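Values below: every heavy atom of this structure, side chains too, minus hydrogens, waters and symmetry copies. It should be emphasised that the depicted structure is a prediction, and the values quoted were computed from it without experimental measurement. Chain A is the first sequence line, chain B the second, and so forth, proteins listed ahead of strands; every chain is numbered from 1.
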Amino acid sequence: MSTIKITFPDNSVREFENGVNGIQISESISKKLAAEALAVEVDGEVWDMSRPINKDAEVKILKWQDDGGKYTYWHSSAHLMAEAIEEIFPGTKFGIGPPIENGFYYDIDMGDHAITADDLAKIEGKMAEYTQHDFPYIRKELSWQEAYDYFKQKGDDYKLELLEEHKNEKISLYKVGKFTDLCYGPHVPSTGRIKFIKLLNVAGAYWRGSEKNKMLQRIYGISFPSKKELDEYLYRVEEAKRRDHRKLGTELEIFLLTPKVGGGLPLWLPKGTIIRETLENFLRQEQKKRGYLAVVTPHIGNLNLYKTSGHYPYYKDSQFSPIKVENEEYLLKPMNCPHHFQIYAAKPHSYRDLPIRLSEFGTVYRYEQSGELNGLTRVRSFTVDDSHMFVRQDQLKAEVCDVIDLIQLVFNTLGFKDFTTRLSFRDPLNKEKYGGADELWDRAEREILEAAEEMKLNYKVAIGEAAFYGPKIDFLVKDVLGRTWQLGTVQIDYVMPERFNLEYVGSDGQKHRPVVIHRAPFGSLERFIGVLIEHYAGEFPLWLSPLQVVVMPITDAQNEYAASVVNKLKQAEIRVELDTRNEKINYKIREHELKKVPYMLIVGDKEKNSNSVSIRRHKKGDLGSQPLNEFIKSVTEEIENKKITS
RNA sequence: GCUGGCGUAGCUCAGAGGUAGAGCAGCUGAUUCGUAAUCAGCAGGUCGUCGGUUCAAAUCCGACCGCCAGCUCCA
């Protein structure tokens, strides 16, 4: 028997008999490892523990802690679920059942039967039963024809369709208990590895993700090796629900969505408007420092503008229908750029004037499918903190760096420490998709990369993700649900200046084409604030909080003093309310704690007689008494510094 | 847009063929109180909308509207 060399992650090398498998390797290392091992990575590919290795290879034993281990675990869980479904609902046709970022799903076709919560409980119960039996996952390799015959007699049409794409290949099947599935693998050694299972929900999903195909039922689930991990996961799901901006936004009276106005058309309530305006003013100030010029443009524009830009009719389906006025057609503006281009084009520009940075909090309107609307994060009317900067090619990199710096400032100020960026470049194999000259693109992509390096961005490059008019940088933030939101964006544009015939006169006296940078640090105020609400769980930092201080007298003997405190706070431009309701102090405290008011000032006779206030900080409790002037000073400082905590 | 689930008072929910109920919020009164709910009374609803079945519908059936989950989409 020949031997093979196995290299481990620590670069140690050991010899094993040819045909050794992951189980034997892990057993040779330690019993504990063998018990925890879920799969084995062989030369970068994840394999079953039982699959023989026939050549020298780099091997890593995968446990739950490894992504490949989790992936395998959830993949096997999906199969276990399919087995349970087949047992309970014979005749079910199976689509695909892959692992996902958090758990797994299986797409199934049960004809007319719609899965109910009871069904889920039954399936979950059956799965738990199977884990007790500790069925092994057995891999079989068949010829294409054998596999085809098997699924043909079983009537699994979807599997047959999948097989069509793998003609002339060896087909691998996995058998667990009585259920046999078409599958690349890999799987964990046996069902006993899967300990704690929770089936989460059912939703429709098109077969192979195409609207043209039949809709199948998709069952989502998750599984863990320990109860603790399952409980933690379920807790996180609950926490995400608690932070949901749609719930908090309504409770805290930030915004209102009502069918009487229309889906995806949020109304900003007084408290939400304070947050919005505070954010806007913050950005306006920063932009003034950086030489931006504010402009204001109307909410509609002549349809021809969007024909010139090339967006219409290409994006016709995601715009509101045109409005006919006299002999012209107008569009609710889906973006601000064409308006801004007209401002630039209205007079000649010298190379000395560039860059010109036009900025506007511009509200745009896009038609989103009704099923896509979601709170503030997906709406039909939203306000972009837009700017279009017209620059010379030689100014591009410095300008991009300045924009990145601004976006970083915005994110850091708001406490988004963990954001990543995506540099979207064109696909060099598919150049005809993009406008603009080759050398401009090459240069722009190089300069974006240099700018990203210079600004120390945590970035990854996405080839083929560029807009048709130029490469871009997107800023991505993860919310508590683990969803990634694209907030800020910087886009380089060579196409629009051409289409709108934008120019400047260079030092050579000739006309030149400027480059346009589109950028928005918040992206949209709606989405940004939606994410902020969840990020802070509604507990905004003081500078953003709609209500900063509530003053509450213990009895009405202090009403007059309390009113004078409120007055002084108002003069210091602190957002304050007076609560003289005839209620016990505990009642008032509870109420304002629930409304997440940052500071509560309690004034009784002691405070009245010493011109002081007793301070209670939201979630922190009683901070003791302080002279009023000192309180005003420290609060003002907290607001001015935009402090994130306390 | 598609599939499924859900729509009862401002909010959270109970009622599952016999004619609508609780807690909180609101209003009125009493209480004047020191760091997360004082007590009492009052008021509040064509049970999402429209149609059908029935002696009788919040309850059963159908259509529509809205919300939620996911799919598809997102310049």
### Task
Under 4.0 Å between any heavy atoms, over every strand shown, what does A:I115 touch: base, sugar-phosphate, or nothing? Just pick one.
nothing

### Task
Would you classify A:R616 as touching base, sugar-phosphate or nothing, given that sugar-phosphate means primed atoms plus P, OP1 and OP2, and contacts are heavy atoms under 4.0 Å?
base

### Task
Can you figure out which of B:rA75, B:rC2, B:rC33 approaches the side chain of A:M215 most closely?
B:rC2

### Task
Classify the nucleic acid contact of A:D317 as base, sugar-phosphate or nothing, counting any heavy atom under 4.0 Å across all strands shown.
nothing

### Query
To the nearest angstrom, how far is A:N102 atom CG from B:rA69 atom C1'?
16 Å

## Note on the structure
Taking B:rG26, B:rA75, B:rC33 as options, the one with an atom nearest any side-chain atom of A:Y587 is B:rG26

### Query
P atom, B:rC24 versus B:rG18: distance in rounded Å?
28 Å

### Query
Of the nucleotides B:rC73, B:rA75, B:rC33, which has the atom closest to the A:T555 side chain?
B:rC33

### Query
Can you find an N or O donor on one side and an acceptor on the other, under 3.5 Å apart, linking the side chain of A:E607 with the base of B:rG34?
yes

#### Entry: Nearest-angstrom distance, P atom, B:rC68 to B:rU54
38 Å

### Residue A:N586, side-chain heavy atoms: nucleotide from B:rC71, B:rC33, B:rA36 that is nearest
B:rA36

### Query
Base, sugar-phosphate, or nothing for A:G604, non-hydrogen atoms under 4.0 angstrom?
base

#### Entry: Inter-nucleotide P distance (B:rA69, B:rU38), Å rounded
36 Å

### Task
Would you tell me if any nitrogen or oxygen in the side chain of A:N374 comes within less than 4.0 Å of OP1 or OP2 on B:rG70?
no

### Query
With a 4.0 Å cut-off on heavy atoms, is A:D622 in touch with a base, just the backbone sugar-phosphate, or nothing at all?
base

### Task
Among the candidates B:rA69, B:rA36, B:rG34, find the nucleotide nearest to the side-chain atoms of A:L594.
B:rA36

### Message
Under 4.0 Å, counting only non-hydrogen atoms across every strand here, what does A:K588 touch: a base, just sugar-phosphate, or nothing?
### Response
nothing

### Message
For A:R581 and A:E591: C-alpha separation, side-chain torsions, deciding distance, then whether salt bridge (charged side-chain N to carboxylate O under 4.0 Å, His left out) applies.
### Response
CA-CA 12 Å; A:R581 286 176 307 170; A:E591 189 155 287; 2.7 Å; yes

### Task
Considering just the side-chain nitrogens and oxygens of A:R246, establish if one lies under 4.0 Å of OP1 or OP2 belonging to B:rA69.
yes

### Task
Taking A:R527 for its side chain and A:T377 for its backbone only, find out whether a donor-acceptor pair lies under 3.5 Å.
yes

### Query
Is it true that A:D474 and A:K472 have a side-chain N and a carboxylate O under 4.0 angstrom from each other?
yes

### Message
Using a 4.0 Å heavy-atom cut-off, does A:I602 contact any base of the nucleic acid, only the sugar-phosphate backbone, or nothing at all?
### Response
base

### Task
Rounded to the nearest angstrom, tell me the gap between atom CD1 in A:I589 and atom P in B:rU38.
11 Å

### Message
Using only atom types and a distance under 3.5 Å, with no angle test, would you say the side chain of A:R380 pairs donor to acceptor with the backbone of A:E368?
### Response
yes

### Query
Is A:G209 touching bases, backbone alone, or none of the nucleic acid, heavy atoms closer than 4.0 Å?
sugar-phosphate

### Message
Check whether A:D493 reaches the backbone of A:M496 with its side chain - one donor and one acceptor, N or O, closer than 3.5 Å.
### Response
yes

#### Entry: Touch class at under 4.0 angstrom, heavy-atom based, for A:Y105 against every strand present
nothing

### Query
Base, sugar-phosphate alone, or nothing: which one does A:Q558 contact when heavy atoms must sit under 4.0 Å apart?
nothing

## Note on the structure
Closest of B:rU32, B:rA69, B:rA75 to the A:H311 side chain is B:rA75

### Rounded distance (Å) that lies between atom C1' of B:rA25 and atom CZ of A:R590
12 Å

### Message
By nearest atom, which of the nucleotides B:rA36, B:rU38, B:rC71 is closest to the A:E583 side chain?
### Response
B:rU38

### Task
Evaluate the criterion salt bridge (charged side-chain N to carboxylate O under 4.0 Å, His left out) for residue pair A:E593 and A:R590; output intermediate values, then yes/no.
CA-CA 5 Å; A:E593 281 285 349; A:R590 178 182 153 80; over 6 Å; no

### Message
Say we look at B:rA20 and B:rG44: how far apart would their C1' atoms be, to the nearest angstrom?
### Response
13 Å

### Message
Using Watson-Crick or G-U wobble geometry with both distances under 3.5 Å, which nucleotide pairs with B:rG44?
### Response
none

### C1' spacing across the pair B:rG51 / B:rG15, given as an integer number of angstrom
25 Å

#### Entry: Rounded C1' spacing from B:rG52 to B:rG10 in Å
33 Å

### Test salt bridge (Lys or Arg N to Asp or Glu O under 4.0 Å) applied to A:D109 and A:K214, A:K93, A:R218, the passing residue
A:K214

#### Entry: Inter-nucleotide P distance (B:rG29, B:rG70), Å rounded
49 Å

### Message
Parallel, tilted or perpendicular: which one describes the rings of A:W268 and A:F255, with boundaries at 30° and 60°?
### Response
tilted

### Query
Parallel, tilted or perpendicular: which fits the ring planes of A:F94 and A:Y106, with parallel below 30° and perpendicular above 60°?
perpendicular

### Task
Taking syn as within 90° of 0 and anti otherwise, name the glycosidic form of B:rA20.
anti

### Task
To the nearest Å, give me how far apart NE2 (A:H340) and C1' (B:rA75) are.
16 Å

### Query
What interatomic distance, in whole Å, is found between C1' of B:rA75 and the corresponding atom of B:rU49?
38 Å

### Message
Classify A:D556 by what it touches in the nucleic acid, base, sugar-phosphate, or nothing, heavy-atom distance under 4.0 Å.
### Response
base

### Query
Contact class for A:E591 vs. all strands (heavy atom < 4.0 Å): base, sugar-phosphate, or nothing?
nothing

### Message
Measure CZ/A:R581 against P/B:rG29 and give the value in whole Å, please.
### Response
16 Å

### Query
How is A:Y206 classified with respect to the nucleic acid when contacts are heavy atoms under 4.0 Å: base, sugar-phosphate, or nothing?
base

#### Entry: Sugar-phosphate, base or nothing in reach of A:E253, heavy atoms under 4.0 Å
nothing

### Rounded interatomic separation in angstrom, taking CD from A:Q369 and P from B:rA75
13 Å

### Message
So if I take every side-chain heavy atom of A:R378 and compare against B:rU38, B:rC73, B:rG34, which nucleotide ends up nearest?
### Response
B:rC73

